[in-house]
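Working notes, structure below.
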Amino acid sequence: MKIHFFGTCAGTEPMPGRKHVSFAVENDGQLYWFDAGEGCSYTAHLMGLDLMSVRSIFISHSHMDHVGGLGNLLWNIRKLDTLTGKMAGKNIDVFLANEKTWNGIMQLLSQTEGGFKTTFSINRKGISDGIIYNENGLCVKALHNTHLGVPDDGQWMSFSFRIEAEGRSIVFSGDLGAIDDIDPLIDDCDLLLMETGHFKPEDVCNYIKNNNKNVKTLGFIHNGRHILKDAAYELSNAKKILGDRVFIAEDGTTMEI
Ligand SMILES: [Zn+2]
Ligand SMILES: [Zn+2]
């Protein structure tokens, strides 16, 4: 399994070298997209990835730093299909809890070239706790978190994901209301991709250390003011707590897991 990082910034104003959050897991030649911040498909394409290999897209919640590049991603897939015809008959599932966001994006696309008529289908699916995807040897489990508060109607709108394939596991925090929102997902995980937009990196490290969480590698993503200000300092501080198993994810990079 590979992970390609397209954007590693939290929802800040534009930052040099970091765009809003997005990454993809590559398994068996297919891409599984997680969050779609600004410019994600632009970065992926320039990294040499084939956007027409996108099988499914998983959106943690509807804040702009997580959906700002979604319309453009779908537009770019259609654009490449008009050049190659490789998408005919295929389907892309988009997991997105917020139906209004989805309707807005589809409305915007419908006013673009060719009325956004496609040779492939796009299916929006809601998200609830539990396994939401299990195909081609890749499984995705969702768990709600409190980033957008506790809903009156029981309909959670913000999720974290656990991805499993080839005997490996990756947990993506999405945005959290509290660090321990992620607790039920992270026992025995090979890689935790943890947001630092709402928490100090050292608080995350101390949480993992003090609760004896079996997290083999910790990557900081959705990076907030602390890391944006001084990444080298924050990384060395984190390594004092957890050792060399910590890293800061960078835009345009790929790692093997
Ligand atoms: Zn965010
Ligand atoms: Zn958010």
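Since the structure is predicted, the reported quantities are computational estimates derived from the model, not experimental observations.
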Quick check for you: to the nearest 0.5 Å, what is the distance between [X] atom [atom1] and [Y] atom [atom2]?
| X | Y | atom1 | atom2 | result |
| --- | --- | --- | --- | --- |
| Glu234 | Phe220 | CD | CZ | 8.0 Å |
| Ser56 | Gln30 | OG | CD | 9.0 Å |
| Lys213 | Ile182 | NZ | CD1 | 10.5 Å |
| Leu143 | Ser158 | CG | OG | 10.0 Å |
| Asn103 | Leu108 | CG | CG | 12.5 Å |
| Met52 | His45 | CE | NE2 | 9.0 Å |

>> I'd like to know if Lys125 and Asp93 make a salt bridge, using a cut-off of under 4.0 Å between side-chain N and carboxylate O.
In response: yes

> Charged N to carboxylate O under 4.0 angstrom, Lys86 versus Asp81?
Replying inline: no

Backbone N or O of [Y] within a donor-acceptor pair of the [X] side chain at under 3.5 Å?
| X | Y | result |
| --- | --- | --- |
| Arg162 | Leu185 | yes |
| Arg124 | Ala97 | yes |
| Glu166 | Arg168 | no |
| Asn145 | Leu176 | no |
| Glu38 | Gly68 | no |

Centroid separation under 6.0 Å, is that true for the rings of [Y] and [X]?
| X | Y | result |
| --- | --- | --- |
| Phe172 | Phe23 | yes |
| Tyr32 | Tyr133 | yes |
| Phe199 | Tyr207 | no |

Can you establish whether the number of heavy atoms outside [X] located under 6.0 Å from its atom [atom1] is more than 12?
| X | atom1 | value |
| --- | --- | --- |
| Asp152 | CG | no |
| Tyr42 | OH | no |
| Lys209 | NZ | no |
| Glu113 | CD | yes |

In terms of hydrophobic clusters joined by side-chain contacts under 4.5 Å, are [X] and [Y] together?
| X | Y | answer |
| --- | --- | --- |
| Leu96 | Ile77 | yes |
| Ile248 | Ile257 | no |
| Trp102 | Phe116 | yes |
| Val25 | Leu192 | no |
| Trp75 | Ile122 | yes |

> Using 30° and 60° as the class limits, which term best fits the ring planes of His63 and His61: parallel, tilted or perpendicular?
Replying inline: perpendicular

> Relative to each other, are the rings of His144 and Trp156 parallel, tilted or perpendicular (30° and 60° limits)?
Replying inline: parallel

Find out whether [X] and [Y] are in side-chain contact, i.e. whether some heavy atom of one side chain is under 4.5 Å from a heavy atom of the other.
| X | Y | value |
| --- | --- | --- |
| Ile241 | Glu202 | yes |
| His4 | Glu26 | yes |
| Cys139 | Ile131 | yes |
| Met47 | Thr43 | yes |
| Arg18 | Glu250 | yes |
| Ile132 | Phe159 | no |
| Tyr233 | His226 | no |
| Leu49 | Phe6 | yes |

>> Against His222, only a single residue in Asp175, Asp35, Thr8 fulfils side chain to side chain donor-acceptor pair (under 3.5 Å); can you say which?
In response: Asp175

>> Checking Val171 against Ser160 for the side chain to side chain contact (heavy atoms under 4.5 Å, CB included) test, could you report, in this order, the C-alpha distance in whole Å, the side-chain angles of both residues, the deciding distance, and whether it holds?
In response: CA-CA 8 Å; Val171 173; Ser160 307; 5.5 Å; no

Of all the heavy-atom pairs spanning [X] and [Y], show the shortest one and how long it is.
| X | Y | result |
| --- | --- | --- |
| Thr101 | Ser62 | OG1-CB, 3.2 Å |
| Ser128 | Ala142 | O-CB, 3.7 Å |
| Met15 | Thr12 | CG-OG1, 3.4 Å |
| Ile127 | Ile59 | CD1-O, 3.5 Å |
| Glu164 | Ser169 | CG-CB, 3.9 Å |
| Leu218 | Met194 | CD1-CB, 3.8 Å |

> Given Asn27 and Asn136, is the side chain to side chain contact (heavy atoms under 4.5 Å, CB included) satisfied, shown in steps?
Replying inline: CA-CA 9 Å; Asn27 186 53; Asn136 304 317; 5.9 Å; no

> After noting the C-alpha distance and the side-chain angles of Phe34 and Ile170, does the key distance pass the side chain to side chain contact (heavy atoms under 4.5 Å, CB included) rule?
Replying inline: CA-CA 12 Å; Phe34 290 84; Ile170 303 162; over 6 Å; no

>> I'd like to know whether Leu191 forms a side chain to side chain contact (heavy atoms under 4.5 Å, CB included) with Ile3, so could you lay out the CA-CA distance, the side-chain angles of the two residues, the decisive distance to 0.1 Å, and finally the verdict.
In response: CA-CA 11 Å; Leu191 172 63; Ile3 304 174; 3.2 Å; yes

